[in-house]
Peer 1: 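Handing you this structure, nothing more for now.
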Amino acid sequence: MALQNEMYRRLLGPGWARVDPARLESAVGGRVVLVTGASSGIGERTAELVAAAGATVLLAARRGDRLAEVAERIAARGGTAVPYPVDLADPESVDRLVAGVLAEHGRVDVVVNNAGKSIRRSLADTVDRFHDVTRTNAVNYLGPVRLLSGLLPGMRAQGNGHVVNVGTLNVDLPLAEWAVYSASKSAFEAWLRCVAPEIRVDGVATTSIHFGLVHTPMSAPTYHPRVPGLTAEAAAEVIGRALVRRPRLLVPWWARPAAALANVAQGPYEAAQARVLRMLRSR
Ligand SMILES: NC(=O)c1ccc[n+]([C@@H]2O[C@H](COP(=O)([O-])OP(=O)(O)OC[C@H]3O[C@@H](n4cnc5c(N)ncnc54)[C@H](OP(=O)(O)O)[C@@H]3O)[C@@H](O)[C@H]2O)c1
């Protein structure tokens, strides 16, 4: 698995290398870093990584018991982490999170917008489950926009900050049966692209990372562990490197040409997917 993970990482390109711990320490040491989705997967590993580099980490997700475990583990290793249970789909819960962290810490320097809801479902199966469309957009789009709308004024006023968005390759290469997930992640990306220049004026940087497969509880029901992908630890390292280098966008080297091709040849791109679906249905 370790070798497979390393080979997959090399396939993504040089921007996806491991982070230098000393450089991460100078980027986040002594800073207040909010990580959403810190109860599991990529967010949990990112919280551990930045806490080890000396940041005060604010852990946000719904499961308070899981957040408390992560905070205890971090404290046992000498780090500082504070759990903040929140449901991003609930606007009042998000407002309470913003008010709570600002009252208790006075500032937030970095937001890792990582919490997310994934949903792979055909259009036919979605029709009678519109609540899933609403909820996916609430978690992946509206909640993060509300959270950042509450935190960005402080970051702009202090004249520095960094927002790292944990995005997906589905934004570059939309796939059949991923419509609701892709649309919600794309909506947030569009919002971030529009506000990025506005907040950059005030010293706040933005980074979007478009991950392919990462083996976490989210991807486990869809992808066998042997399918090439990153581990959550490796994904956290990629986020750590982005915290140091602050690239505007991090995608695998082949994603831009592939996305350009899929855009230019939209008809053939969709026809190829339709052929696969037809084949699967006729089995
Ligand atoms: N895994 C992949 O292959 C992959 C690929 C590309 C992008 N991503 C993105 O990576 C991010 C992290 O996913 P993961 O793979 O690490 O999955 P994960 O292990 O399932 O983690 C998802 C996190 O989001 C939190 N969350 C879900 N709904 C929430 C809500 N309503 N309010 C607050 N927090 C909520 C979960 O915590 P609670 O359940 O405790 O609330 C959990 O901590 C997601 O944004 C996902 O879209 C993943």
Side-chain angles (χ1 to χ4, degrees), residues 5 8 12 16 34-49 57-71 81 83-98 111-120 131-132 134-147 163-175 178 180-189 192 207-225 227-239 242 250-252 255:
N5 182 53
Y8 180 77
L12 300 177
W16 298 72
L34 172 68
V35 180
T36 69
S39 62
S40 164
I42 300 170
E44 180 177 356
R45 298 295 167 223
T46 303
E48 290 174 347
L49 186 74
V57 190
L58 314 183
L59 310 167
R62 286 167 304 176
R63 287 170 291 170
D65 53 340
R66 290 278 308 151
L67 294 180
E69 281 171 31
V70 178
Y84 284 94
V86 64
D87 182 353
L88 283 169
D90 173 359
E92 284 173 14
S93 177
V94 175
D95 292 348
R96 276 196 299 277
L97 171 67
V98 170
V111 177
V112 180
N113 178 52
N114 163 78
K117 177 173 165 58
S118 172
I119 184 166
R120 179 188 180 186
H131 54 276
D132 280 339
T134 310
R135 187 156 181 92
T136 305
N137 277 282
V139 178
N140 295 348
Y141 172 39
L142 296 173
V145 167
R146 195 170 182 109
L147 176 65
V163 176
V164 176
N165 178 44
V166 178
T168 167
L169 267 179
N170 285 32
V171 166
D172 308 285
L173 296 165
L175 282 178
W178 288 93
V180 174
Y181 176 67
S182 285
S184 65
K185 297 293 261 189
S186 300
F188 181 77
E189 292 265 352
L192 194 62
T207 295
S208 272
I209 308 174
H210 292 185
F211 283 102
L213 177 62
V214 184
H215 289 288
T216 66
M218 179 183 280
S219 58
T222 317
Y223 296 102
H224 189 275
V227 177
L230 291 177
T231 60
E233 290 82 357
E237 290 264 350
V238 172
I239 293 171
L250 184 58
V251 292

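Read the numbers this way: they start at 1 and go in the same order the structure lists the ligands and their atoms.
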Peer 1: Holding to side chain to side chain donor-acceptor pair (under 3.5 Å), I want the full list of residues that pass it with Glu237, two or more places apart in sequence or in another chain.
Peer 2: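 Partners of Glu237 under the side chain to side chain donor-acceptor pair (under 3.5 Å) test: none.
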Peer 1: Could you establish whether Gly143 and ligand 1 come within less than 4.0 Å of each other, counting only heavy atoms on the residue side?
Peer 2: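 Heavy atoms of Gly143 never come under 4.0 Å of ligand 1.
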Peer 1: Where does the angle between the aromatic ring planes of Phe211 and Trp16 fall among parallel (under 30°), tilted (30 to 60°) and perpendicular (over 60°)?
Peer 2: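 Phe211 vs Trp16 ring planes: perpendicular.
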Peer 1: So is Arg135 touching ligand 1 or not, going by heavy atoms under 4.0 Å?
Peer 2: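 Judged by the 4.0 Å heavy-atom criterion, Arg135 does count as contacting ligand 1.
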Peer 1: Check if His210 has a non-hydrogen atom at a distance under 4.0 Å from any atom of ligand 1.
Peer 2: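 His210: no contact with ligand 1 (<4.0 Å).
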Peer 1: Any heavy atom of Gly167 closer to ligand 1 than 4.0 angstrom?
Peer 2: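 Per 4.0 Å heavy-atom rule, Gly167 contacts ligand 1.
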Peer 1: Does Thr36 come within less than 4.0 angstrom of ligand 1, counting non-hydrogen atoms of the residue?
Peer 2: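 Per 4.0 Å heavy-atom rule, Thr36 does not contact ligand 1.
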Peer 1: Check each atom of ligand 1 against the heavy atoms of Val139 and keep those under 4.0 Å away; list them by number with element.
Peer 2: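 The list of qualifying atoms is 28 (N), 29 (C), 31 (N).
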Peer 1: Got the closest protein heavy atom to atom 43 (O) of ligand 1, with its distance?
Peer 2: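 The closest one turns out to be Ser39 OG, 2.8 Å.
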Peer 1: Knowing that exactly one of Val166, Asn165, Val164 qualifies, which makes a side chain to side chain contact (heavy atoms under 4.5 Å, CB included) with Ile209?
Peer 2: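 Among the candidates, only Val164 passes.
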Peer 1: Tell me whether ligand 1 is touched by Pro217 - counting only heavy atoms on the residue side and a distance under 4.0 Å.
Peer 2: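 Contact check Pro217 vs ligand 1: positive.
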Peer 1: Sequence neighbours excluded, which residues qualify as side chain to side chain donor-acceptor pair (under 3.5 Å) partners of Arg62?
Peer 2: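 So Arg62 forms no side chain to side chain donor-acceptor pair (under 3.5 Å) with any residue.
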